[in-house]
Amino acid sequence: MHLYGICVDCLEGVHKIVCIKCKSRWDGSWHQLGTMYTYDILAASPCCQARLNCKHCGKPVVDVRVGMQYFSEYSNVQQCPHCGNLDYHFVKPFSSYKVLEAY
């Protein structure tokens, strides 16, 4: 369900993956190479409030300053406290990031 092929250079920071909303850099250095994670590794470390907003009404499902207790929780179905919509709100398409090539 959350299968991304992230290259080793991206995990190690040779190529920079940045959020298109806040322009902050995604840090994949804490992942262990060769491990199959059962959650969305990009959703597991939200960089800005836009990553934690409802896909239906756009309001915050979780405050970015508070976050969630476990990495895997960001890949679960959550209910929006504002509109009640159940969705994978924090799982965003890879196109919501930009890869900057190293030169």
Side-chain angles (χ1 to χ4, degrees):
M1 195 166 132
H2 313 291
L3 186 60
Y4 289 113
I6 306 291
C7 75
V8 174
D9 282 346
C10 291
L11 287 173
E12 294 179 348
V14 175
H15 301 291
K16 296 176 185 172
I17 299 176
V18 295
C19 173
I20 62 170
K21 297 285 186 182
C22 71
K23 310 294 187 242
S24 66
R25 184 176 175 184
W26 179 76
D27 180 16
S29 64
W30 57 274
H31 290 90
Q32 184 175 351
L33 294 177
T35 301
M36 177 67 98
Y37 292 95
T38 58
Y39 56 86
D40 184 333
I41 64 172
L42 297 173
S45 52
C47 53
C48 60
Q49 188 61 57
R51 300 241 164 240
L52 300 178
N53 290 344
C54 176
K55 288 184 176 180
H56 181 70
C57 72
K59 293 182 179 175
V61 176
V62 173
D63 188 318
V64 72
R65 296 169 295 183
V66 176
M68 301 187 92
Q69 188 172 2
Y70 303 107
F71 294 125
S72 61
E73 288 183 283
Y74 291 101
S75 298
N76 295 337
V77 172
Q78 303 288 334
Q79 184 171 18
C80 176
H82 304 283
C83 70
N85 187 37
L86 287 168
D87 205 338
Y88 295 93
H89 297 289
F90 314 135
V91 176
K92 309 292 187 195
F94 192 71
S95 60
S96 67
Y97 289 93
K98 184 176 181 179
V99 178
L100 305 176
E101 299 293 325
Y103 294 105

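Along the sequence shown, residues carry numbers from 1. These numbers come from the heavy atoms of this one structure, side chains and all, not from hydrogens, waters or symmetry mates.
- Listed for the Gln79 side chain is a donor-acceptor partner under 3.5 Å among the backbone atoms of Gly84.
- Summarising the geometry of Pro60 relative to Pro81, their closest heavy-atom pair is O-CG, 3.9 Å, with the distance given to 0.1 Å.
- Put simply, NZ on Lys21 and SG on Cys47 are 11.0 Å apart, with the number rounded to the nearest 0.5 Å.
- When all heavy atoms are compared, the tightest approach of Tyr88 to Val77 is CZ-CG2, 3.3 Å.
- Applying the under-4.5 Å side-chain rule to Ile, Leu, Val, Met, Phe, Trp and Tyr, the cluster around Val64 extends to Leu52, Val61, Val62, Met68, Tyr74, Phe90.
- Applying the salt bridge (Lys or Arg N to Asp or Glu O under 4.0 Å) test to residues at least two apart or on different chains, the pairs with a partner in residues 53-71 are Asp63-Arg65.
- Interatomic distance, OH of Tyr39 versus OG of Ser75, reported as 8.0 Å (0.5 Å rounding).
- Rounding to the nearest 0.5 Å places CD1 of Ile17 at 9.5 Å from CZ of Arg25.
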Problem - Full working for side-chain contact (heavy atoms from CB on, under 4.5 Å) between Phe94 and Val99 - result: CA-CA 10 Å; Phe94 192 71; Val99 178; 3.9 Å; yes

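- A donor-acceptor pair is defined here as one N or O able to donate and one able to accept, closer than 3.5 Å; such a pair exists between the side chain of Gln78 and the backbone of Glu73.
- Here the SG atom belonging to Cys54 is positioned 8.5 Å from the NE2 atom belonging to His82, to the nearest 0.5 angstrom.
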Practice task
Would you sort out whether Cys19 and Arg51 count as a side-chain contact (heavy atoms from CB on, under 4.5 Å), showing the intermediate values?
Solution key: CA-CA 9 Å; Cys19 173; Arg51 300 241 164 240; 3.3 Å; yes

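- Contact record, Phe71 with Ala44: CD2-O, 3.4 Å, taken as the closest heavy-atom pair.
- Note that OH of Tyr70 is 12.5 Å distant from CG of Asn76, once rounded to the nearest 0.5 Å.
- Lys92 places a side-chain N or O within 3.5 Å of a backbone atom of His89 that can act as its donor or acceptor partner.
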